[in-house]
2 protein chains.
Amino acid sequence: MLDKYFDVIVNVSLFYGIERTGIANMLNCLKPRVGIYKKGDYIVTSGQTYENVGVVLKGTATVSKESISGNRIVMTLLKERDIFGEIVAFSSMATWPATVQAQEACEILFLPRSKIVGDCDKMCSWHRIFIQNFLRVISERAIVLNKKVEYLTIKSIRGKICSFLLDHYNKSGSKEIELALNRNELADFLNVSRPSMSREMSKMKEEGVIDFHLSTFRIIDLQALKAMSEL
Amino acid sequence: MLDKYFDVIVNVSLFYGIERTGIANMLNCLKPRVGIYKKGDYIVTSGQTYENVGVVLKGTATVSKESISGNRIVMTLLKERDIFGEIVAFSSMATWPATVQAQEACEILFLPRSKIVGDCDKMCSWHRIFIQNFLRVISERAIVLNKKVEYLTIKSIRGKICSFLLDHYNKSGSKEIELALNRNELADFLNVSRPSMSREMSKMKEEGVIDFHLSTFRIIDLQALKAMSEL
DNA sequence: CCTATTCTGTATCTCCAGATACCGATTTTG
DNA sequence: CAAAATCGGTATCTGGAGATACAGAATAGG
């Protein structure tokens with residue numbers, strides 16, 4: 001029944017490192033449900049009883065949260081192979097904290113939370129890997145959030161830019177940085193306004209700390225960059 | 001050998017819901033190590049190879065991070081029964097991202113990461129609970145971080161205060177709120193300066209939206225509070 | 001119970017960053 | 001290839017929040 005989705009499922013991070021036959025056995029034991037949605041359909045709604053971890057098999061969906069005053073804010077965009085609800089699964093929350101809605105026609109795999117840790121008696125070897133994967137996915141989500149908190153905590157725009165560039169430098173080891181984000185997205189990520197960010201970047205270029213053209217950045221004065229990274 | 005710590009261990013969140021005998025068996029299988037530290041000793045240092053999840057059995061310790069420019073910033077204070085390193089355990093990180101140092105004489109339990117998911121063949125029932133606990137602890141850490149990101153993303157001080165109070169209201173259901181934080185801690189948490197926060201709170205009091213005296217707050221105009229919660 | 005210390009509210013001054021508008025550069029698309 | 005749409009840099013103006021200083025309230029400690 002899940003055969004047609006197999007090529008997608010095999011590449012879902014929760015199943016990394018498990019062979020096709022293992023996954024097949026596992027799905028047998030997890031007894032997942034597949035939901036099919038039309039564009040605009042609600043996949044889960046905020047406040048609804050939480051029961052399953054979701055996996056997008058096909059299509060795209062938005063994760064949104066109703067703010068206190070009533071406006072909906074889109075928080076994430078989900079695409080094929082993305083997971084949602086994985087953090088709620090094992091917390092003590094009983095309901096969905098956000099709404100997931102089909103942005104285009106969607107097919108979703110639901111893995112029952114109760115089955116994941118396994119009442120599968122023999123706790124087969126692939127099940128162990130599955131749980132490790134689960135732990136890894138959640139942990140990495142936490143690490144990303146932690147990093148985000150670090151950026152947001154920096155007060156000045158300059159400090160944010162410097163930290164951002166330094167992190168890239170530390171990861172790649174190269175003073176030449178190619179960003180995947182455009183200015184709007186970067187400004188959004190750092191939680192500042194685009195013109196203010198541009199202004200600050202231009203100043204830094206003038207001062208000879210960095211150079212850039214469109215999405216290509218180059219660190220010129222590494223020392224200065226470090227010194228300014230936490231103003 | 002671990003007998004003297006048992007009353008502490010029983011109350012560690014990772015072991016919730018497991019009977020004493022279960023915990024004893026489990027510790028047998030996890031083969032943990034206990035480390036004893038004097039005040040000021042380094043328990044783990046940033047960059048060191050990651051191997052164990054830590055549990056504070058006795059004493060207090062600080063978690064600190066070296067910023068890029070070299071100053072150390074204390075991020076958390078650990079006390080008896082607190083866990084550290086639980087998020088790194090299952091990520092793909094190979095080294096400690098922060099330093100943990102004994103603030104007073106400390107005794108620490110180290111649970112080897114490799115044993116946690118269990119090469120314990122029969123995956124005993126308490127082991128399953130242990131892993132569920134682990135998942136819960138990490139998930140809840142992620143949820144807290146997520147909440148923190150929400151607060152930090154709000155631009156205005158007023159918005160932050162409103163959201164903060166509303167969250168408390170939603171949790172307790174009461175318009176009378178007793179805070180555990182003092183002004184400095186609250187300002188720190190919201191990442192604003194204390195005088196600026198006080199100024200804003202006073203304005204809101206004047207406007208008849210809230211009332212407060214020291215750590216006792218009262219919501220007067222709930223509608224107004226909601227309306228302002230995301231300026 | 002009185003002193004010392006910490007905590008909280010308030011005023012002033014300065015300035016950083018947001019909002020807005022606009023233009024040129026770049027990319028997309030028909 | 002031309003027209004349209006998106007994207008990026010810059011200028012101006014303004015407001016909100018930070019820094020600092022200080023005084024009164026609350027709490028702790030002897």
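Just so it is clear: chains get the letters A, B, ... in the order the sequence lines come, proteins before strands, and each one is counted from 1.
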Exercise. Indicate the ring-plane relationship of B:Trp96 and B:Tyr50, choosing parallel, tilted or perpendicular according to the 30° and 60° boundaries.
Key: tilted
Quiz item: Parallel under 30°, tilted from 30 to 60°, perpendicular over 60°: which one fits the rings of A:Phe110 and A:Phe84?
Solution: perpendicular
Self-check item: B:Ser13: partners by side-chain contact (heavy atoms from CB on, under 4.5 Å), with sequence neighbours left out
Solution: B:Tyr16, B:Ile83, B:Arg136, B:Val137
In whole angstroms, how far is the [atom2] atom of [N] from the [atom1] atom of [X]?
X	N	atom1	atom2	result
B:Lys160	D:dG16	NZ	P	15 Å
A:Ile161	D:dG8	CD1	P	14 Å
B:Ile154	D:dA17	CD1	C1'	16 Å
B:Arg158	D:dG15	CZ	P	16 Å
B:Ile157	C:dT10	CD1	C1'	15 Å
A:Glu200	C:dC15	CD	P	15 Å
B:Met197	D:dA19	CE	C1'	16 Å

Quiz item: Out of D:dG9, C:dA17, D:dT20, which has the shortest distance to the side chain of A:Ser198?
Solution: D:dG9
Quiz item: Out of C:dA17, D:dA21, D:dA17, which has the shortest distance to the side chain of A:Arg199?
Solution: C:dA17
Exercise. Return the set of residues passing salt bridge (Lys or Arg N to Asp or Glu O under 4.0 Å) with A:Glu140 (not counting sequence neighbours), or none when no residue passes.
Key: none
Quiz item: Of all residues at least two apart in sequence or in a different chain, which pass the side chain to side chain donor-acceptor pair (under 3.5 Å) check with A:Thr95?
Solution: none
Exercise. Please list, chain by chain and in numerical order, all residues satisfying side chain to side chain donor-acceptor pair (under 3.5 Å) with B:Ser172, sequence neighbours excluded.
Key: none
Exercise. On DNA chain C, check which nucleotide each of B:Lys205 and A:Arg194 is closest to and give me the residue with the more 5' one.
Key: B:Lys205
Quiz item: Would one find more than 12 heavy atoms of other residues, nucleotides or ligands at under 6.0 Å from atom NZ of A:Lys148?
Solution: yes
Quiz item: Can a cation-pi geometry be assigned to A:Lys205 and A:Phe212, taking NZ or CZ under 6.0 Å from the six-membered ring centre and within 45° of the ring axis?
Solution: yes
Quiz item: Can you tell me if the side-chain N/O atoms of B:Ser196 get under 4.0 Å from OP1 or OP2 in D:dA17?
Solution: no
Exercise. Using the salt bridge (charged side-chain N to carboxylate O under 4.0 Å, His left out) rule, take B:Arg141 and B:Glu86 through it: C-alpha gap first, then chi angles, then the decisive distance, then the call.
Key: CA-CA 10 Å; B:Arg141 179 76 37 119; B:Glu86 77 280 4; 3.0 Å; yes
Practice problem: Strictly below 4.0 Å, heavy-atom distances to any atom of DNA chain C: list the hits from residues 176-192 of chain A, or just say none. | Solution: A:Val192
Quiz item: Near DNA chain C, which residues from residues 210-217 of chain B have a heavy atom under 4.0 Å away?
Solution: B:Phe212, B:Leu214
Quiz item: Between A:Lys155 and A:Pro195, who's closer to the 5' end of DNA chain D by nearest nucleotide?
Solution: A:Pro195
